[in-house]
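For the numbers below, each heavy atom of this structure counts, side chains included, while hydrogens, waters and symmetry mates do not. As the structure lists them, so they are numbered: ligands from 1, and atoms in each ligand from 1. All values reported here derive from a predicted model rather than from experimental measurement. For reference, positions follow the sequence shown, starting with 1.
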Amino acid sequence: MHRALEAWVHEIAAHTKPDRVVWCDGSDAENERLIGEMLKDGTLQRLNAEKFPNSYYHRSHASDVARTEHLTFICTEKKDDAGPTNNWMSPADASARVWPLFAGAMKGRTMYVVPYLMGPASSPFAKVGVEITDSAYVVISMRIMTRMGAVALNHLGENGEFVKGLHSLGDLNPDRRFICHFPERNEIWSVGSGYGGNALLGKKCFALRIAGAQARREGWLAEHMLILGLEDPAGETTYVAAAFPSACGKTNLAMLVPPASFWGYKIWTVGDDIAWLRFGPDGRLWAINPEAGFFGVAPGTGPKTNPNAMETIRKNSIFTNTALTKDMCPWWEGMESGTPEGLTDWRGNPYTPGSADKAAHPNSRFTAPASQCPSISPKFEDPQGVPISAFIFGARRGSLVPLVYEAFDWNHGVYVGSSVASETTAAATGAVGVLRRDPFAMLPFCGYNMGDYFGHWMNIGAPGNVPGTSTPKRLPKIFHVNWFRQSAEGKFLWPGFGENLRVLNWILSRCRGKGEAVETPIGYVPGPGGIDTTGLSIAPGAMEELLRVDAKGFAAEWPQLNEFYAKFGDRLPAEIRRQHEAQRKRLGA
Ligand code: GTP
Ligand code: SPV
Ligand code: MN
């Protein structure tokens with residue numbers, strides 16, 4: 001037994017006063033028992049056993065359907081260590097304001113102790129977390145999203161380190177909802193929400209905010225990135241990691257099915273949301289996916305856009321806040337053409353086809369085991385992960401930003417990552433479609449001062465050998481993509497989804513020192529023959545428009561970006577300032 005873990009569980013039980021404490025072992029029997037209880041109390045509904053075997057439906061509270069960034073705090077001793085892009089609360093304030101919300105919060109409830117492992121069981125990079133929660137839905141979700149139960153306790157041993165995560169549904173009132181992170185003591189407190197990244201503490205809270213701070217201390221990277229392998233017709237696989245903001249296409253890109261004209265190409269899925277990266281003995285950056293499942297956006301997922309996801313979610317899955325068909329199947333906009341009769345919407349009301357509201361909540365999600373994905377990489381469980389040849393930053397930009405461009409070098413690439421802006425989505429509460437800076441797609445997920453984070457990225461690429469070795473670094477190239485450019489009529493110019501392989505293929509050839517490119521003020525864009533358009537149906541002139549670099553438009557954004565950087569004061573690395581100034585000169589701003 002692990003003494004510190006036991007002591008912590010006792011302390012939390014004494015404060016939250018549950019009726020009983022259950023240590024979760026992750027077994028099938030335990031899972032079935034929890035599901036049985038939730039079917040009885042209405043937390044879950046059983047889905048059509050023929051079409052979705054062993055799958056369940058859950059509705060979260062209507063005011064609790066997405067991450068709540070304004071209620072998410074970084075609790076460092078010094079405010080400056082949280083930085084200007086995070087909400088800050090001192091640990092003392094957290095003890096005074098948030099700790100009392102846990103007092104007696106589990107009365108009448110069961111307290112589950114959920115040990116879990118982030119990373120493959122045999123990986124030296126895997127890390128243990130323990131989540132204490134009073135939500136059985138969280139337990140069965142953590143069982144899909146992580147390696148949960150005995151495997152984690154074994155990994156922990158008698159004195160291993162673990163990240164403490166305390167979660168209670170509380171009363172689900174947004175006025176008493178807080179998601180607090182203590183990166184200085186590897187601890188998370190979450191109260192008042194049962195949904196997604198607010199409640200499944202292994203995901204954004206641990207694997208990004210806490211692990212990000214650990215990564216900076218220890219010289220590695222914890223990123224909001226998918227990981228995929230692109231196999232070419234010669235059978236060679238190249239791995240890339242891509243950071244797009246929430247609901248901007250990571251899951252879809254990670255599972256891409258190549259267009260018919262790309263015979264012999266294949267995409268292998270290693271991860272769809274989070275990557276932990278370290279230098280390997282060959283000087284390259286190697287990535288593991290710390291998760292074991294996908295918590296994916298349902299709307300827009302269909303047999304044409306993402307057939308691999310559709311296959312993945314056919315069994316052993318949980319659907320949250322989607323609509324339901326008459327015969328108890330999950331349904332959402334974009335799953336199929338047409339809207340079936342007799343739908344129940346995400347709130348539980350009968351749905352009128354043609355109504356202005358959506359039947360499924362725009363942030364409704366599926367929770368499914370990664371192992372069920374037809375494109376899951378043979379390297380998914382590899383303890384060392386996969387070597388990364390390219391980093392791709394992406395954003396949802398209706399205008400200005402071209403389909404793809406390549407940074408001039410590492411430092412310029414870090415600048416490109418730091419300058420990412422994207423239109424907000426339903427993945428977090430608040431207005432949708434508002435353009436905001438979202439550096440590295442990490443704005444809501446950076447557990448420390450974002451200025452220091454930029455500096456950490458600069459350090460990772462600093463000239464010289466891998467620290468502590470005589471091995472030269474072999475750094476990935478850095479790219480930026482945008483699938484979301486729109487025409488004057490508001491239609492997407494680029495067909496996206498499977499066709500994104502055409503862009504990946506240009507990136508691949510650039511990584512191999514080939515591929516036509518033209519130099520522009522913002523970086524290299526594909527030359528006229530750079531992107532293979534064989535068999536692509538696209539509006540006349542769209543390709544030229546997608547690759548056009550509007551230097552004036554970028555120059556017009558420069559002052560806003562300048563204001564954004566100014567917020568960091570002297571925590572902004574000098575090299576970002578230098579890159580920003582060089583960009584100004586190139587743009588003629
Ligand atoms: P998180 O799980 O929130 O981190 O999201 P994500 O980055 O994994 O995004 P996901 O792949 O789930 O896509 C979000 C939405 O964007 C879905 O509705 C998709 O259908 C849509 N989408 C994804 N890729 C494309 C694309 O290439 N073009 C267009 N037009 N839409 C896309
Ligand atoms: C995101 O918002 O980036 C997600 C969903 O992947 S959540 O787990 O809610 O953070
Ligand atoms: Mn995400």
Side-chain angles (χ1 to χ4, degrees), residues 60 64-69 72 138 141-142 145 179 190 193-209 223-228 242-257 269 271-275 291 293-306 308-310 313 320-321 332-335 358 360-367 392-398 403-404 422-430 432 438 441-445 481-486 490-504 546:
S60 66
D64 184 31
V65 292
R67 283 182 297 99
T68 41
E69 295 179 359
T72 301
V138 165
S141 300
M142 288 294 283
M145 294 305 298
I179 299 93
S190 167
S193 166
Y195 192 72
N198 284 346
L200 311 178
L201 302 186
K203 200 173 179 53
K204 299 306 173 35
C205 300
F206 177 176
L208 291 177
R209 299 192 190 99
E223 301 298 327
H224 190 205
M225 289 180 174
L226 68 92
I227 310 164
L228 65 80
F244 310 161
S246 302
C248 290
K250 288 182 301 301
T251 300
N252 278 269
L253 190 68
M255 297 180 192
L256 179 156
V257 176
T269 310
D272 82 324
D273 200 48
I274 298 176
E291 299 190 283
F294 306 128
F295 184 62
V297 176
T301 308
K304 289 217 181 74
T305 55
N306 194 346
N308 281 327
M310 293 304 286
I313 62 181
T320 303
N321 299 337
W332 50 78
E333 282 76 12
M335 179 193 237
K358 304 277 188 213
H361 187 276
N363 192 40
S364 56
R365 300 228 170 204
F366 52 79
T367 312
I392 307 173
F393 299 115
R396 189 180 281 268
R397 293 293 303 257
L403 181 62
V404 59
S422 194
E423 290 145 22
T424 51
T425 66
T429 54
V432 166
D438 189 349
M442 283 289 278
L443 181 73
F445 309 122
V481 300
N482 175 25
W483 314 139
F484 299 95
R485 275 283 288 281
Q486 290 180 11
K491 287 236 162 78
F492 290 120
L493 285 175
W494 177 249
F497 302 103
E499 306 296 351
N500 293 335
L501 184 80
R502 298 171 191 274
V503 174
L504 286 181
L546 282 163

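Under the ring-ring contact (aromatic ring centres under 6.0 Å, His included) criterion, F484 pairs with F492, sequence neighbours left out.
For the Mn ion (ligand 3), the tally of protein N/O/S atoms lying closer than 2.8 Å stands at 3.
Taking OH of Y195 as the reference point, atom CZ of R67 lies at 10.5 Å (rounded to 0.5 Å). Rounding to the nearest 0.5 angstrom, the gap separating the SG atom in C248 from the CZ atom in R397 is 11.5 Å. For the atom pair CG of L228 and OG1 of T269, the computed distance is 7.5 Å after rounding to the nearest 0.5 Å. Rounding to the nearest 0.5 angstrom, the gap separating the CG atom in L443 from the CD atom in E69 is 6.5 Å.
Judged purely by distance below 3.5 Å, without hydrogens or angles, the side chains of S364 and N321 never pair a donor atom with an acceptor atom.
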- Query: Run the side chain to side chain donor-acceptor pair (under 3.5 Å) check on T301 and N306 step by step: do they pass?
  - Reply: CA-CA 6 Å; T301 308; N306 194 346; 5.5 Å; no
Please lay out, stage by stage, how M310 and T305 fare under the test side chain to side chain contact (heavy atoms under 4.5 Å, CB included).
CA-CA 9 Å; M310 293 304 286; T305 55; over 6 Å; no
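With contacts defined as side-chain heavy-atom distances shorter than 4.5 Å, the pair L504/V481 does not qualify. Proximity of L200 to V138: side-chain heavy atoms (C-beta onward) are separated by under 4.5 Å at one or more points.
For ligand 1, the 4.0 Å heavy-atom shell contains residues H224, P245, S246, A247, C248, G249, K250, T251, N252, D273, F295, V297, P299, G300, R365, R396, W483, F484, F492, G496, F497, N500. Every protein residue with a heavy atom nearer than 4.0 Å to ligand 2 is included here: R67, G196, G197, K203, K204, H224, S246, D273, F295, R365, A427, F445.
Using cut-offs of 30° and 60° on the angle between ring planes, the pair F244 and W483 is perpendicular.
Of the options K250, M255, M145, a side chain to side chain contact (heavy atoms under 4.5 Å, CB included) to F294 is made by M255 and by none of the others. Under the side chain to side chain contact (heavy atoms under 4.5 Å, CB included) test applied with K203, the options N198, L208, I274 reduce to a single match, I274.
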